[in-house]
Amino acid sequence: MERVRVEIGGMSCANCSSTITEALTRREGIGEVNVNYATDEGTVEYDPDQISLAEVYEIIEESGYDPVAETLSVGITDMTCANCSQTVESAVSKVPGVVSVDANYATDEAQVRYNPAATDRDAIYDAIEDAGYSPVRDTGGDENESERRKRARDAEVKRQLRLVLFGAAFAIPLSVLMMGELVGLPVPETLFGVERGWWALALSTPVQVALGKEFYVNSYKALVKNRTANMDVLIALGSSTAYGYSLAVLFGFVAGGLYFESAALILTFITLGNYLEARSKSQAGAAIEQLLELEADEATVVSERDGEFVDERQVPLKEVQVGDVLKVRPGEKVPTDGEVIDGSTAVDESMVTGESVPVEKEPGDEVVGSTINETGLVYVRATKVGSETAIQQIVQMVRDAQSRQPEIQTLADRISAYFVPAVILNALLWGAVWYLFPNVLAGFVDSLPLWGLVAGGPGAVSSAEFAIIVFASAVLIACPCALGLATPAATMVGTAIGASHGILFKGGDVLERVRDVDTVIFDKTGTLTKGEMTLTDVRVLRPETDGSGVVSTDDTSEYEGDELTEEFLLDVAASAEAGSEHPIAEAVVEGARDRGIDVSDPAALQNVAGKGIRARTDHGDVLVGKPELLREYDVDPSPAEETMATLEREGKTAMLVARVPDDAETGRLLGVLAVADEVKSESQTAVSALRERGLTVMLVTGDNERTARAVAEQVGIDPENVRAGVLPEDKASVVEDIQSDGRRAMMVGDGVNDAPALAAAFVGTALGSGTDVAIEAADVTLMRDDPADVLRAINVSEGTLAKIKQNLFWALGYNTAMIPLASLGLLQPVLAAGAMALSSVSVLANSLVFRRYDPEKRYRLLGAFRRR
């Protein structure tokens, strides 16, 4: 049993601690549990063979509380294959207090979630080093995480280049010396009185020491310390076999030929591949660096005094604090997220949204850090700084997405885990077979067109020598580097493409799922519509009406001492709605003020979810909302039914207003208000394009049936795919019901009330203009308000998965074709090493070509087709 102390947030009483205790003790593998809400912490005993610390955390979270954990992103510059990342994960996961770890060979990093009460960063760094790898440590200097990684990555690229040049300086003359006569060059048997073999030893040994050392040391750590076999083991076996056999021949222990040039060229080719791979990784990860380079270095901070801005001074960006007033001149970058408090301008927000048209900004408007102030001088009050800014959040989301791999990667990981041992066994088997039965196999392959690439075949060398050649070739040709790079390299580029178009995926697993969506469910307000309600109609009703007594706004009648006019009705409704932050309420209040009404705040306000409000105002108790709300208070809504129906058929949202005087037993209906939310110009195009793609498009809204159908008709959604009158708490159930028949739905929304539905959907998608809660619950965030980005997100997903499959095809096809050739003795070890290095580089190159992918291309073609 292991014991761990966990700090827990969200506890408020003894019942909270008992809830957590009961939830934990119900699980097998949990021993003694002590949770103290007074100290906000708990101690848990658990058996790691039965339950992981991650599961302990999950149980606490599912109970409704927040176990404290921190996330560390560690750069690791010397992982060489998928087996390396698995080794790192295994080593770090054994550190007490580590909740989860995800190492990514393609991005050269590991994401570690850990319990700060049980371990620290140094312990994680030490575990990585003990496993044989080099973490980029946080030394506490001025460099940030990105700068440290870039420096380490650049240093690794330069180191690999130096090794390649060093190896080539020895391997090239060595190759001329040993194989020059094959191309007609006169190569003497002795040079300065020294036999050619000894010159070959002198030239190959520095390569073995300088280039081979890394592979030999890593092989030792992998086999002895980590009890696993990785790519380094295969390279070390192939190179040392050629070098060791040549030594044995040179010293007369065995008869045969010399292969010193093969040993040197193997290491040189592999190192060249590593160098090209490191360069390609750097290019593939350049999207994050380019985003970070967009940040301003300095900010102009001013003081606000008597309505004027004074004491202008330049400060480093990291010294800017929330609340500081910043002066931003035309052409300058906005230093950090903030709110315009003076001046007006147009801001280029393309780096965030991908939209090239500048956005007009006036006092009260929000601006995003790193965007460019185009035209006017503005003063901005900082609202978010440091890691809380939009640019830093985008960078973090892209990094998280690149570290979370698609499920298809598990296939490659499973193959890689067993691949290296299988390759070694295969090489030993065929080496033994060629040694024992050379004539039988030679007779089988003698007629093949590729025969003769290996020193004229087994007839030209001894069976032992040929068996060693086969062993070295079979080992070298099968390194699973390309297989390990296939998925993460494409995922890295795909998430970067999405980010450059304002589409943020939470992970590679999300990127994979989006392609499989067959149903898109839109929320209405703020998603298909602009989300900006405007008061359009104010209709008063005579108290004595029989249902048809709708009067014009210039008609009046007495209502308990007040004239029932438009102004009076609006005054009553706005005084009730003034205490609500709902968009409809804000539209009513703003409409009243625009008409010159002095709106007072209510004394008390009760929100009735999905139905409306009840408020105590200067006019008494007031109800504003749906007919269901009025019926609950014995107010008959039927006199307004015809009016509501007319307004709703026009696509407007109608609400009833009733006043309940203190001395009245029942309420009285005063009239009907209507607000309208304009449909976005892009919505119809987006829905049409999605339907042409074969997707089912649906609308789920809390609005009434008539209004919902009117909006659906405008954007092109079939009436049978409209779900109206859905209460906020029921949206998730509706999504689950839609998915109950096997559909894979994407829910698109922007509000707090959409968060449960976003979480319940196969893929949850939030508009970036929406609430933080919605964005947090979603799998995909669209930085623009354009619903057409839903289709672009699907295109990015489809393109990325296609690229992953291409990479896997070439990686697996390469191994499938080359291993039999090497096993049959049809490849020289040098050719095998070169082909292996080329396979990794080709997978990365194929992924880098994907950077030119345009997710809007198919969308534009569909639009052009519709226009014709």
Side-chain angles (χ1 to χ4, degrees), residues 77-78 80 134 152-219 231-232 234-247 249-251 257-282 469 472-473 475-476 479 481 827-841 844:
T77 58
D78 50 2
T80 57
S134 305
R153 190 183 299 117
D154 291 344
E156 176 66 13
V157 172
K158 291 178 181 178
R159 186 182 74 87
Q160 293 288 353
L161 178 58
R162 288 195 301 269
L163 289 174
V164 170
L165 294 176
F166 180 87
F170 287 89
I172 292 174
L174 175 60
S175 300
V176 173
L177 180 67
M178 300 300 292
M179 298 186 295
E181 56 192 17
L182 296 178
V183 293
L185 294 177
V187 180
E189 287 296 325
T190 60
L191 190 62
F192 302 112
V194 180
E195 291 184 4
R196 183 167 56 171
W198 294 100
W199 282 109
L201 175 63
L203 289 171
S204 65
T205 300
V207 179
Q208 284 290 318
V209 173
L211 276 65
K213 177 183 176 182
E214 178 179 340
F215 299 108
Y216 296 134
V217 170
N218 290 343
S219 298
M231 186 192 81
D232 294 323
L234 298 181
I235 296 169
L237 276 174
S239 176
S240 60
T241 298
Y243 183 79
Y245 179 78
S246 299
L247 277 179
V249 172
L250 185 62
F251 284 99
L258 299 177
Y259 295 92
F260 285 120
E261 80 285 357
S262 294
L265 286 171
I266 286 168
L267 293 175
T268 303
F269 276 136
I270 297 297
T271 306
L272 175 61
N274 288 345
Y275 163 69
L276 295 174
E277 187 177 303
R279 279 196 60 191
S280 299
K281 285 183 182 180
S282 179
I469 293 172
S473 300
V475 163
L476 289 167
C479 291
C481 311
L827 286 179
Q828 278 275 12
V830 172
L831 296 176
M836 190 280 290
L838 182 62
S839 68
S840 297
V841 175
L844 278 168

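The structure presented is a predicted model; accordingly, all values stated were derived computationally and were not measured.
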d(Tyr275 OH, Arg162 CZ) to nearest 0.5 Å is 12.0 Å
Value rounded to 0.5 Å, distance of CG in Leu165 from OG1 in Thr271: 11.0 Å
Verdict with supporting geometry, Thr205 and Phe260, side chain to side chain contact (heavy atoms under 4.5 Å, CB included): CA-CA 9 Å; Thr205 300; Phe260 285 120; 6.0 Å; no
Give me the atom names and distance for the closest heavy-atom approach of [X] to [Y].
| X | Y | value |
| --- | --- | --- |
| Leu267 | Leu211 | O-CD2, 3.7 Å |
| Ser239 | Ile266 | CB-CG2, 4.2 Å |
| Leu258 | Ser246 | CD2-O, 3.4 Å |
| Asp232 | Ser219 | O-OG, 2.9 Å |
| Ala168 | Pro173 | O-CD, 4.0 Å |
| Ser175 | Leu265 | OG-CD1, 3.3 Å |

Is there a donor-acceptor pair under 3.5 Å between the side chain of Ser204 and the backbone N or O of Ala264?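 Looks like no, no N/O pair under 3.5 Å.
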Which residues share a side-chain hydrogen bond (donor to acceptor under 3.5 Å, both in side chains) with Glu156, sequence neighbours left out: Arg159, Gln160
Within-4.5 Å side-chain heavy-atom neighbours: [X] and [Y]:
| X | Y | answer |
| --- | --- | --- |
| Tyr216 | Ile235 | no |
| Tyr243 | Val207 | no |
| Glu214 | Leu163 | yes |

By ring-ring contact (aromatic ring centres under 6.0 Å, His included), which residues pair with Phe170, not counting sequence neighbours? Phe166
